[in-house]
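Just so it is clear, the values below take in all heavy atoms, side chains as well, and ignore hydrogens, waters and symmetry mates.
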Amino acid sequence: MRKAYNALRIASAAFLLQATVMAQTNTLPAPPVAKKVPKTFVNHGDTRVDDYFWIRDDKRKDPEVISYLEAENAYTEAATKGQKPFEEALYKEMVARIKETDLSVPYKYGDYYYYSRTEQGKQYPYQCRKKGMDGAEELLLDLNKLAEGHSFMALGDFSVSDDGNLLAYTTDNNGYRQYKLHVKDLRTGQELPDTAERVTGVEWASDNKTLIFGTEDQVTKRSDKIYRMALGGAPTMIFEEKDELYNTGVGRTRDRKFLFIASGSLTTTEFRVLASDNPNGEFKVVLPRQNDIKYSVDHYQGNFYITTQDGAKNFRVVTAPVSDPSKKNWKEFIAHNPKVTIDNVDFFEHHCVVSTRENGLGKFTVIDMRTGKKQNIDFPEETYAVGGAANAEFKSNKFRYSYQSPITPNSVFEYDLDSHKQTLLKQNEVLGGFDKTKYTTRRLFVAAKDGTKIPLTVVHKKDVKLNGQNPTLLYGYGSYGISIPDSFSSARLSLLDRGMVFATAHIRGGGELGEEWHDHGKLMEKKNTFTDFIDCAEFLIAQKYTSKDRLAIQGGSAGGLLMGAVTNMRPDLFKVVISQVPFVDVMNTMLDATLPLTTGEYIEWGNPNEKPAYEYMRSYSPYDNLKKASYPTILVVTSLNDSQVGYWEPAKYVAKLRTLKTDKNLLLLKTNMGAGHGGASGRYDALKETAFYYAFMLNQLGITK
């Protein structure tokens with residue numbers, strides 16, 4: 001059977017690919033040429049012909065398709081063969097900077113301290129705990145063992161019952177983000193027979209035997225059903241979200257008193273709650289969904305604290321009694337400030353920590369719930385990323401958070417909510433003599449063509465001169481209201497130490513400057529995302545950071561859409577493009593409601609079944625707007641098991657562009673045949689992928705060692 005399969009693949013390859021000829025550089029063969037099978041689509045009177053629709057294979061098993069992807073991989077391997085020594089050197093540099101055998105900061109939950117640790121040479125961490133800091137280690141999960149026999153392994157949820165005896169966790173072993181539920185008895189080490197497939201989240205009730213979990217639709221991967229399951233019994237569906245724009249999720253308040261089911265679209269949410277000591281009861285709606293109003297719920301001393309957009313674009317916080325949380329009972333807790341976005345409120349026994357975003361940067365404000373006094377937690381750098389760390393205990397006067405910047409490694413701090421004293425618990429070690437004082441980072445603002453000021457974070461070594469000759473990498477995303485953090489990367493030092501400038505464009509469509517920042521980069525204003533990025537690139541050139549022939553750009557997923565759009569709009573502006581798992585076939589994907597994510601994302605991109613949205617999306621869709629022109633050097637990276645952006649989108653994009661580009665620059669497609677949207681799951685494998693595209697980019701910019 002296997003011989004027959006291989007023979008079919010060989011025949012398919014011969015059918016798909018033109019004869020290899022000597023071309024381009026020395027012995028580099030001609031690239032694969034995919035066959036054309038025209039498929040016609042007519043929408044709103046507009047006709048599109050897709051010659052490469054056949055590359056889509058939902059089951060990812062078609063020998064003809066696999067042969068094409070493998071041929072592209074072989075071509076990429078041949079085209080990058082000369083960079084292998086450099087690639088290996090970069091990989092060794094990256095590994096040499098990390099502390100391979102390391103320990104996370106333990107956090108307390110119940111009677112135990114939980115932590116993860118890594119060992120040199122092992123791809124995955126160990127999940128552990130101790131009863132008391134000086135207790136004996138209990139190994140809860142060995143992800144290296146779970147990964148045996150698989151090319152991919154990811155841990156999803158990790159939830160311990162209140163009594164500390166049972167662990168519910170989920171795993172994905174192929175990268176498709178399709179998680180299986182497992183329950184382990186931590187007293188015996190035995191796996192229990194209770195399980196479920198396609199689980200999207202799981203929580204324990206306080207009886208230590210009932211699980212509340214969500215599952216996804218088999219076709220669309222929309223999280224649409226919530227189940228209740230007592231150990232030893234069958235799961236019972238307790239909620240179904242029928243609106244195709246919405247996904248569901250489960251959670252629990254920090255005081256452990258309430259379970260909740262969240263239903264949400266990209267613009268609207270609705271919460272249902274249930275006392276966690278009454279797991280067989282009925283979840284009750286807190287506030288009925290109201291179009292274009294998002295809210296979230298927490299609990300503190302008999303009241304719900306509701307963070308809402310009702311009357312507050314960037315959110316306000318109100319309180320309401322659990323018995324009747326309707327609007328007539330609301331009392332203002334934190335007023336709306338149009339210049340400040342409220343991201344979260346975290347309650348502890350006597351305090352509330354409010355997470356906000358102002359001028360694109362995260363802030364914390366501590367409120368003493370006994371006195372009402374407020375205290376801000378200040379941060380020292382011009383640009384940084386900050387977020388809550390593991391804070392599992394409600395009865396605590398300590399708040400942990402993580403802090404980092406482009407030049408400061410990730411650091412976990414513990415903040416005393418009473419004394420306001422901060423203690424650094426751990427800063428990730430960067431081996432090899434890293435000295436942050438040799439680097440500088442700045443937050444700049446770029447004037448977009450419509451006058452909007454776009455934040456731009458820049459980091460480089462201090463000795464870099466602004467002479468217009470610096471190799472530069474500009475990164476962007478700009479979708480879903482997601483804020484791109486100004487974070488640290490030890491791998492990125494391999495670029496900075498070679499004189500590169502690294503810049504992040506915080507363009508519209510993201511969430512850096514609040515809800516309106518997102519609004520002005522989605523739907524019928526989506527093109528602002530692209531023009532903002534182009535304006536940032538031109539700014540870097542005008543300010544003498546770099547030049548067109550020294551500028552590389554990078555983005556992934558929706559950031560890959562960005563890469564495709566700006567490359568179509570200004571192919572002259574960039575030297576190298578690195579496009580990772582790119583969403584480039586906008587029209588075909590958004591017109592197919594059976595694909596994962598499609599219907600729920602009408603709110604982000606528009607519904608192309610409506611003519612105005614169709615025409616607008618059609619005008620920027622990267623795949624549909626490829627044309628005969630000279631393009632930059634382009635590396636496209638994807639994964640066969642990607643559930644978010646089908647591998648066929650980047651594959652079709654490359655196949656079509658090969659027939660149109662008039663230049664001799666490299667166009668490469670590299671497919672990870674055993675991973676998903678995030679690429680390789682093992683930490684060493686992930687560094688190898690980074691070393692590959694860093695070596696490729698540096699080579700194209702004239703840096704070869």
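Ion pair Asp162/Arg252 flagged as a salt bridge, since at least one NZ, NE, NH1 or NH2 atom sits closer than 4.0 Å to an Asp/Glu carboxylate oxygen. Taking a cutoff of 4.0 Å between a charged side-chain nitrogen and a carboxylate oxygen, Asp519 and Lys522 qualify as a salt bridge. Between Asp172 and Lys180, no side-chain nitrogen of the basic residue sits less than 4.0 Å from a carboxylate oxygen of the acidic one, so the salt-bridge criterion is not met.
Annotation: side chain to side chain contact (heavy atoms under 4.5 Å, CB included) contacts of Glu191 (sequence neighbours excluded): Tyr169, His182, Lys184. For Arg316, the side chain to side chain contact (heavy atoms under 4.5 Å, CB included) criterion is met by Thr308, Asp310, Ala312, Val318, Trp330, Glu332, His336, not counting sequence neighbours. For Lys294, the salt bridge (charged side-chain N to carboxylate O under 4.0 Å, His left out) partners are Glu515, not counting sequence neighbours. Listed by chain and residue number, nothing satisfies the side chain to side chain donor-acceptor pair (under 3.5 Å) test with Lys145 (two or more places apart in sequence, or in another chain). Residues forming a side chain to side chain donor-acceptor pair (under 3.5 Å) with Lys527 (at least two apart in sequence, or on another chain): Ser619. Asp207 meets the salt bridge (charged side-chain N to carboxylate O under 4.0 Å, His left out) test with no other residue; sequence neighbours excluded. Considering only residues two or more places apart in sequence or on other chains, Asn609 meets the side chain to side chain donor-acceptor pair (under 3.5 Å) condition with Asn607. Applying the salt bridge (charged side-chain N to carboxylate O under 4.0 Å, His left out) criterion to Asp142, with sequence neighbours excluded, gives no partner residue. Evaluation of the salt bridge (charged side-chain N to carboxylate O under 4.0 Å, His left out) rule for Asp51 yields no partner, not counting sequence neighbours.
Counting all heavy atoms, side chain and backbone alike, Trp54 lies closest to Glu64 at CZ3-CG, 4.1 Å. Pairing each heavy atom of Phe304 with each of Pro325, the nearest pair is CD1-CB, 4.0 Å. Annotation for Glu512 and Ile507: closest pair OE1-O, 4.2 Å, computed over non-hydrogen atoms. The nearest pair of heavy atoms linking Gly600 to Leu266 is O-CD1, 3.6 Å. The minimum heavy-atom distance linking His150 with Asn173 is given by the pair CE1-ND2, 3.2 Å. When all heavy atoms are compared, the tightest approach of Ser643 to Pro596 is O-CB, 3.4 Å.
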What donor-acceptor contacts under 3.5 angstrom involve side-chain atoms of residues 553-560, with partners at least two apart or in another chain?
| unit_1 | atom_1 | unit_2 | atom_2 | d |
| --- | --- | --- | --- | --- |
| Gln554 | NE2 | Gln580 | OE1 | 2.9 |
| Ser557 | OG | His677 | NE2 | 2.9 |

Would you give me the side-chain donor-acceptor pairs under 3.5 Å for residues 583-594, sequence neighbours excluded?
| unit_1 | atom_1 | unit_2 | atom_2 | d |
| --- | --- | --- | --- | --- |
| Asp585 | OD1 | Asn588 | ND2 | 3.2 |
| Asp585 | OD2 | Asn588 | ND2 | 3.2 |
| Asp585 | OD2 | Lys652 | NZ | 2.6 |
| Asn588 | OD1 | Arg48 | NH1 | 3.2 |
| Asn588 | ND2 | Asp50 | OD2 | 2.9 |
| Thr589 | OG1 | Asp585 | O | 3.2 |
| Thr589 | OG1 | Glu649 | OE2 | 2.6 |
| Asp592 | OD1 | Thr594 | N | 3.0 |
| Asp592 | OD1 | Thr594 | OG1 | 2.6 |
| Asp592 | OD2 | Arg56 | NH1 | 2.6 |
| Asp592 | OD2 | Arg56 | NH2 | 3.2 |

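Listed by first then second residue, pairs satisfying ring-ring contact (aromatic ring centres under 6.0 Å, His included) with a partner in residues 224-250 read Phe213-Tyr227, not counting sequence neighbours.
Atom-to-atom distance recorded for Glu197:CD and Glu216:CD is 10.5 Å, nearest 0.5 angstrom. Distance check, rounded to the nearest 0.5 Å: OG of Ser151 to CG of Asn174 gives 8.0 Å.
A side-chain N or O of Tyr124 and one of Ser681 form a donor-acceptor pair less than 3.5 Å apart. Side-chain contact, Ser223 with Thr248: a donor N or O sits under 3.5 Å from an acceptor N or O. Using a 3.5 Å distance cut-off with no hydrogens or angles, the side chains of Ser326 and Asp324 do pair a donor with an acceptor. Tyr68 and Glu72 are linked by a side-chain donor-acceptor pair at a separation below 3.5 angstrom, with hydrogens and angles left out of the test. Side-chain contact of Asn641 with Ser639: a donor-acceptor pair under 3.5 Å is absent, judged by distance alone. With hydrogens and angles left out, the side-chain atoms of Glu241 and Ser263 include a donor and acceptor closer than 3.5 Å. Defined by atom type and a distance below 3.5 Å, a donor-acceptor pair is present between the side-chain atoms of Asp685 and Gln123. For the residue pair Gln178 and Arg198, a side-chain donor N or O sits within less than 3.5 Å of a side-chain acceptor on the partner. In the model, Glu604 has a side-chain atom that pairs as donor or acceptor with a side-chain atom of His518 under 3.5 Å. When only modelled atom types and interatomic distance are considered, Glu270 and Tyr295 share no side-chain donor-acceptor pair under 3.5 Å.
Between the side chain of Lys670 and the backbone N or O of Val636, no donor-acceptor pair lies under 3.5 Å. Using modelled atom types, no side-chain atom of Trp517 and backbone atom of Gly481 make a donor-acceptor pair closer than 3.5 Å. In this structure, the side chain of Arg289 does not engage the main chain of Thr268 through any donor-acceptor pair within 3.5 Å. Under a 3.5 Å cut-off, the side chain of Lys257 and the backbone N or O of Asp277 do not form any donor-acceptor pair. Listed for the Asn73 side chain is a donor-acceptor partner under 3.5 Å among the backbone atoms of Thr671. Between the side chain of Tyr647 and the backbone N or O of Ile55 there is at least one donor-acceptor pair closer than 3.5 Å.
In this structure, Phe347 and Tyr300 have parallel ring planes: the angle between them is below the 30° cut-off, well short of the 60° mark. Ring geometry for Tyr620 versus Tyr616: interplanar angle over 60°, hence perpendicular rather than tilted (30 to 60°).
Checked against a 6.0 Å centroid threshold, the rings of Phe260 and Phe283 do not count as neighbours.
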Evaluate Asn568 against Leu626 for side-chain contact (heavy atoms from CB on, under 4.5 Å), listing each step before the verdict. CA-CA 7 Å; Asn568 282 344; Leu626 291 171; 3.5 Å; yes
